[in-house]
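Here is the structure we will look at.
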Protein chains: 2
Amino acid sequence: MGRRIGLQTVEIESKPRIIGTYNIVGPKEGQGPLKEYFDEIIKDDLNGTESFEKAETSLLYTAISESIKKAKLKEVDINYLLAGDLLNQLSSSCFAARDLDIPFIGLYGACSTMAESLSIGSMIMEGGLANYVVAATSSHFSSAERQFRLPLEMGSQRPPTSQWTVTGAGSMVLGKKGKFPYVTHITTGKVKDYGIIDVNNMGVAMAPAAVDTIKQHFMDTNRKPSDYDLIATGDLGIIGKEFTEKLLLEYKYDMRGHYIDCGEIIFDASRQGTNAGGSGCGCSAVVATGYLLKNMLKGKFKRILLVSTGALLSSTSTLQGETIPGIAHAVSIEFGGE
Amino acid sequence: MGRRIGLQTVEIESKPRIIGTYNIVGPKEGQGPLKEYFDEIIKDDLNGTESFEKAETSLLYTAISESIKKAKLKEVDINYLLAGDLLNQLSSSCFAARDLDIPFIGLYGACSTMAESLSIGSMIMEGGLANYVVAATSSHFSSAERQFRLPLEMGSQRPPTSQWTVTGAGSMVLGKKGKFPYVTHITTGKVKDYGIIDVNNMGVAMAPAAVDTIKQHFMDTNRKPSDYDLIATGDLGIIGKEFTEKLLLEYKYDMRGHYIDCGEIIFDASRQGTNAGGSGCGCSAVVATGYLLKNMLKGKFKRILLVSTGALLSSTSTLQGETIPGIAHAVSIEFGGE
């Protein structure tokens, strides 16, 4: 049985292990600085399908099914599939789940979905309710652009604050045993809205949520930034990360030297024209299943905090004059030393 | 600690209690056969807001905050808010959560969300990770029509198989103690797609998922329909219900005399022009928090099975020629006799 510590954090006693992971990314991501950490790089954004939405579904399906193989399991062994994505009515997740014979729990947390699915998966494990759980998510640059912003065919100019939705999917299999990185704490975020209305400045819209969740995590666990080898926010990008760092410093939490943003490191902004950096559910999913967990297994990081961040807007809410609410969920992962 | 029984079911040992509920419905629902079971009936579909989406948000916010009051609690007492809805990017839930100071977990299961949120909420309680959890969902006829089908202004004719999305929101507060109905078993469904493409025949699209989950629940628990005072599917409507009953009879499960569909009983189809019946996340939410749980508290039902059903389509998937996948989640609730 786990226990609540502080206001928003739970300590997970059973240490759900991340026993298998898989990620698959688009060609652009595969040319970025993290290319060596990806399990599969597709050659064509459509991945042999007829639409960007179907391509995204195929990426998510591949990530999930390959992660199950990596864990040396079969579909029938998995008790729950927890997945979500950015598309209306979770299209990619629902259609990927249709081809998988696994009980399905759909989640929506926008780009916070990797930490959200990992959180819920760990909570289910903690109750003794599952032997194996899959937590997964995806995004696709082209399906996101046309849904949230403008048709690609318009060739609109992208402002400097804009981010580039990652084409990619990441999946983690949770199990009870083995020498693998494991979940120790979960801090679930509240929805925060500081009145940002610019849909081309998501990083700043999500920063207050990231600050709130990280600060609360430190307060609840009585930890500080230096207790982590690495704290990784999901997709605040270059501008949102700077904002978050500054705001946390005001609360006396000095993140410098312990902090990266997945959206900042996944692309080389100057070479790849990605402006403020990467975004999308896939961003923290492929960086977590790549750079973060693979380096944990190598012994480079012993304790990390994954803080996936989501902007909870819809194109309808924007048209109706709403501001952009954000959310961030944090999961503390450890490996080695036990 | 709970335990897994059979392939898709878990037995919940801690018996999370439904200690407070609230529902709020639109004028049409308030003129239907279940009017006496609703806590609040609004006079105007817009509920004093500028758009149907904002109206839906206001309904969900009211249901959540009033259910917390009914449980004699405050926002700060609630550890998790689990909510979802039909709108793109869970608009109603995200914007309702923005005004609530509660850690938020967004869920998407289309109209299966009441059972999905109640399932996850119970699982979190089972792990000892929460003292109080809120499970809630909403739908709105007018926001759903324009998002999934056609603008209301067109005045399109509705085919006989079409269903009427319920305008309403329902919320349940789960706690650990007290003499209240409690959750005993959860059967989480798989995505089932039998190739239905008619977006005006959701009941039949969802029926295979309902059949699959109900059959699996009986197999896993070694129960039969007559072990329940009532089995209630979410929103299959008149046609989908008949289909489900027939298909289950082929598997030798005779549902007759123990089975209702929330979508069938919420409207008087002949008098209210609702064709095949009610639908939407709100449908099973307001019937569960109304007719089902209020009658449990009165002693009329001792053991029920709530099987909320969802059609996992999006308007994009339909335009891209996809069929309609369905899902159903079942939660067994008991009261009295202990």
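All chains are named by letter (A, B, ...) in the order of the sequence lines, taking the proteins before the strands, and each is independently numbered beginning at 1. What you are looking at is a predicted structure, and each value in this text was computed from that prediction instead of being measured.
- There is no contact between B/Gln216 and chain A, counting heavy-atom distances below 4.5 Å.
- B/Ile120 is listed as a side-chain neighbour of A/Ile120, based on a closest heavy-atom distance under 4.5 Å.
- Between the side chains of B/Thr323 and A/Arg98, at least one donor N or O sits under 3.5 Å from an acceptor N or O.
- For chain A, the option among B/Ser112, B/Gly189, B/Ser317 with the highest count of heavy-atom pairs below 4.5 Å is B/Gly189.
- Around CD1 of A/Ile197, the count of heavy atoms belonging to other residues, nucleotides or ligands within 6.0 Å does not exceed 12.
- Proximity to chain A (any heavy atom under 4.5 Å) is restricted, for B/Ile12, to the side chain, taken from C-beta onward.
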Report the C-alpha separation of B/Ile105 and A/Thr188 in whole Å, then their side-chain angles, then the decisive distance to 0.1 Å, and conclude whether the side chain to side chain contact (heavy atoms under 4.5 Å, CB included) test is met.
CA-CA 8 Å; B/Ile105 294 167; A/Thr188 304; 3.8 Å; yes
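- For the set A/Gly326, A/Gly109, A/Gly2, the count of heavy-atom pairs under 4.5 angstrom toward chain B peaks at A/Gly2.
- Legend: residues meeting ring pair (Phe, Tyr, Trp, His ring centres under 6.0 Å) with A/His185, ordered by chain and number and at least two apart, are absent.
- The choice from B/Pro103, B/Gly128, B/Ser91, B/Ser14 that makes the most heavy-atom pairs within less than 4.5 Å of chain A is B/Pro103.
- Using a 4.5 Å cut-off between heavy atoms, A/Asp101 contacts chain B through both its backbone and its side chain.
- In this structure, no portion of B/Ala110 lies under 4.5 Å from any heavy atom of chain A.
- Residues of residues 130-143 of chain A lying within less than 4.5 angstrom of chain B, judged on heavy atoms, are A/Ala130, A/Asn131 in numerical order.
- Within the 4.5 angstrom heavy-atom criterion, atoms from both the backbone and the side chain of B/Gln320 approach chain A.
- Although no hydrogens or angles enter the test, the distance criterion places no donor-acceptor pair under 3.5 Å between the side chain of B/Glu126 and the main chain of A/Leu129.
- In this structure, the separation between CG on B/Asn88 and CG on A/Leu87 is 10.0 Å, given to the nearest 0.5 Å.
- Separating the CD1 atom in B/Ile327 from the SG atom in A/Cys94 is a distance of 7.5 Å, to the nearest 0.5 Å.
- Proximity to chain A is limited to the backbone of B/Arg3, based on heavy atoms less than 4.5 angstrom apart.
- With a 4.5 angstrom heavy-atom cutoff, B/Leu313 touches chain A only via backbone atoms.
- Listed by sequence position, A/Ser51, A/Glu53, A/Lys54 are the residues of residues 51-61 of chain A in contact with chain B, using a 4.5 angstrom heavy-atom cutoff.
- Chosen from A/Glu322, A/Gln8, A/His329, the residue pairing most often with chain B at heavy-atom distances under 4.5 Å is A/Glu322.
- Note on A/Met125, A/Gln89, A/Glu50, A/Met1: by heavy-atom pairs under 4.5 Å with chain B, the leading option is A/Gln89.
- Listed by first and then second residue, the ring-ring contact (aromatic ring centres under 6.0 Å, His included) pairs involving residues 74-121 of chain B amount to none (not counting sequence neighbours).
- By the 4.5 Å heavy-atom criterion applied to side chains, B/Ile102 and A/Lys190 are not counted as neighbours.
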